[in-house]
Participant: 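Pasting a structure below so you can have a look.
Please read all numbers here as calculations on a predicted model, not as lab measurements.
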Amino acid sequence: TIDDLDFPKAVLMRMIKAALPENIAVQKEARNSVTKAATVFVSYLAAAANDCARDGGHKTIMTNDVFKALEAIGLADFVPQLNIELEAHSQLVKEKKELAAKNKAAGKDTETADEDGED
């Protein structure tokens, strides 16, 4: 049931606090309401995106399916901002991968230099 699918409360509380001014308190009942609403919304959006994917002739939900689903459920105004956020996230992931690869290569170069010095 949907009651078994709640988001982690700590994650949602960080999101709530980030969205509100510092001097705003959130009652426990309000936190629970946001948790339930988020769970219902994501479930509904996922079902709508699944419908869009099937209509497109594929079984895997893709980014465009989510955008089409947002439009289908009357939330087309979110698509441009979501696109911006998704692009920023993709760029951040790319930069982290490049940095990790660079650090790994630098670590291997150091190890190789150490091994060469021991011969």
Participant: Hydrophobic clusters here meaning ILVMFWY residues chained together by side-chain heavy-atom distances under 4.5 Å, can you tell me if L20 and M15 are in one?
Facilitator: no
Participant: About how many Å separate CG of N32 and NZ of K9, when rounded to the nearest 0.5 Å?
Facilitator: 5.5 Å
Participant: Would you be so kind as to tabulate the donor-acceptor pairs closer than 3.5 Å made by side chains of residues 70-86, with sequence neighbours excluded?
Facilitator:
residue: Q81; atom: NE2; partner: E85; partner atom: OE2; Å: 2.8

Participant: Which residues satisfy the side-chain hydrogen bond (donor to acceptor under 3.5 Å, both in side chains) test with E22, sequence neighbours excluded?
Facilitator: none
Participant: V34, V26: one ILVMFWY side-chain cluster at the under-4.5 Å cut-off?
Facilitator: yes
Participant: Take E95 and Q91, measure what side chain to side chain donor-acceptor pair (under 3.5 Å) needs, and give me the verdict at the end.
Facilitator: CA-CA 6 Å; E95 289 170 4; Q91 184 63 31; 3.2 Å; yes
Participant: Under a single-linkage rule joining Ile, Leu, Val, Met, Phe, Trp and Tyr whose side-chain heavy atoms are separated by less than 4.5 Å, which residues share a cluster with L92?
Facilitator: none
Participant: Would Y44 end up clustered with F67 when hydrophobic side chains under 4.5 Å apart are linked, directly or stepwise?
Facilitator: yes
Participant: Please identify each residue that fulfils side chain to side chain contact (heavy atoms under 4.5 Å, CB included) with P8, with sequence neighbours left out.
Facilitator: V11
Participant: Side-chain atoms of residues 50-59: list all donor-acceptor pairs with protein atoms under 3.5 Å, sequence neighbours left out, distances to 0.1 Å.
Facilitator:
residue: D51; atom: OD1; partner: R54; partner atom: NH2; Å: 2.7
residue: H58; atom: ND1; partner: G56; partner atom: O; Å: 3.4
residue: H58; atom: NE2; partner: D65; partner atom: OD1; Å: 3.3
residue: H58; atom: NE2; partner: D65; partner atom: OD2; Å: 2.8

Participant: Rounded at 0.5 Å granularity, tell me how far NZ in K97 sits from NZ in K104.
Facilitator: 13.0 Å
Participant: Give me the atom names and distance for the closest heavy-atom approach of L12 to F7.
Facilitator: CD1-CB, 3.5 Å
Participant: Just jot down the side-chain hydrogen bond (donor to acceptor under 3.5 Å, both in side chains) partners of E29, sequence neighbours excluded, or say none.
Facilitator: none
Participant: Counting N and O atoms only, with roles assigned by atom type, does the side chain of R31 sit under 3.5 Å from a partner on the main chain of M13, one being a donor and the other an acceptor?
Facilitator: no
Participant: Indicate the atoms forming the closest heavy-atom contact of A69 with A49, along with that distance.
Facilitator: CB-N, 3.4 Å
